[in-house]
Amino acid sequence: MPGPFAISTVTRFAPSPTGHLHLGHAYSALVAEDAARRAGGRFLLRIEDIDRGRCRPAFETAILEDLAWLGLSWEEPVRRQSDAFADYAAALATLDGLGVLYPCFCTRKAIRAEIEAAGHAPHGPDGPLYPGTCRGLDADSRARRVTAGEPHALRLDVARAAALAGPLSWTDADAGPVAARPQMFGDVVLARKDTPGSYHLAVTVDDHLQEVTLVTRGQDLFHATHVHRLLQALLGLATPAYHHHPLVTDDAGRRLAKRDGAVTIRGLREAGRAPQDVRAMALAAAGGEASAAEG
Ligand code: GLU
């Protein structure tokens, strides 16, 4: 039995119900469950359905079925982002109180045009950085436009936020200590009218509320952790340990993607594969073992 002050390992798998799970998802789920099991900890599930336009309830049902078929078991209740809007609103209010948010009225088209006109926009991990057009609006025009109901997003003034937070770091199981450089993403969007919390905000708040101590996820999200670390500091949240695991690739070395019609767990099951075969395929395709996730 752990002592009263021991913090047990809590991991999670956080799929988005925008399609069926493929081998890459199976590997990610196995890594998280394995890390919890080996540490005698807890394995949680979270449905990342904040983007209502892209998510379908039928995919959520299928995800739960596929994970159970693979032999995974998780602690109930499953957290669903679409049930947690109040949590994201509370975090936004805290950030607003710190003066690190601003309304951005730019359409995607206007941002593209501005970047093209500038000729040499700095790029971040997700593409060209927002040129900061609305950051310089005075308080009166902001208030007037918001009150008039003009559609807007809320962006993080990353320079101001980073200055407020001071130097930050986080630890990855493979990369070791990493100095946080959230500026590489520019002024990220933290909320939109139709989506009350962006990926960055929702994940940071959820991992805190679910008391996750070890975040395991694919290497494609390594850089996102720079932003999450900054949000943790601003919101006064604990920083979990991280393990960004290798991605499952196809024979040509390309990362599996739902949109490319990657072979799904469901498809393998219907083709008569047994769960243990599919688990072995997922581990082999990632070129490693689930237990490599131990942080
Ligand atoms: N929902 C994200 C995805 O499906 C994962 C987010 C995370 O693990 O932080 O790629």
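Counting starts at 1 for both ligands and their atoms, in listed order.
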request  = For the pair Asp66 and Arg269, find out whether any cationic side-chain nitrogen is under 4.0 Å from an anionic carboxylate oxygen.
outcome  = yes
request  = Determine whether any heavy atom of Phe13 lies closer than 4.0 Å to an atom of ligand 1.
outcome  = no
query = What atoms of ligand 1 come within less than 4.0 Å of a heavy atom belonging to Tyr199?
reply = 6 (C), 7 (C), 9 (O)
ask   = Should one rank Gly218, Pro17, Ser16 by closest heavy-atom distance to atom 4 (O) of ligand 1, which comes out on top?
value = Ser16
Polar contact flag for Ala14 and ligand 1 (N/O pairs, less than 3.5 Å) = yes
ask   = For ligand 1, does His25 get within less than 4.0 Å through its side chain, its backbone, both, or neither, judged by non-hydrogen atoms?
value = neither
task = Flag the pair Arg46 and Glu48 as a salt bridge only when some basic side-chain nitrogen lies within less than 4.0 angstrom of an acidic carboxylate oxygen.
result = yes
pair His200-Val189: side-chain heavy atoms closer than 4.5 Å = no
ask   = If you measure from the Lys or Arg side-chain nitrogens to the Asp or Glu carboxylate oxygens, is any gap between Arg135 and Asp187 under 4.0 Å?
value = yes
ask   = So is Thr216 polar-close to ligand 1, meaning N/O to N/O under 3.5 Å?
value = no
query = Looking at Tyr102, is Arg155 sitting on its ring face, NZ or CZ under 6.0 Å from the six-membered ring centre and within 45 degrees of the normal?
reply = no
Best match, His228, His244, Gln81, Glu48: closest heavy atom to atom 6 (C) of ligand 1 = Glu48
inquiry  = Salt bridge or not between Arg79 and Asp87? Use side-chain N to carboxylate O under 4.0 Å.
reply    = yes
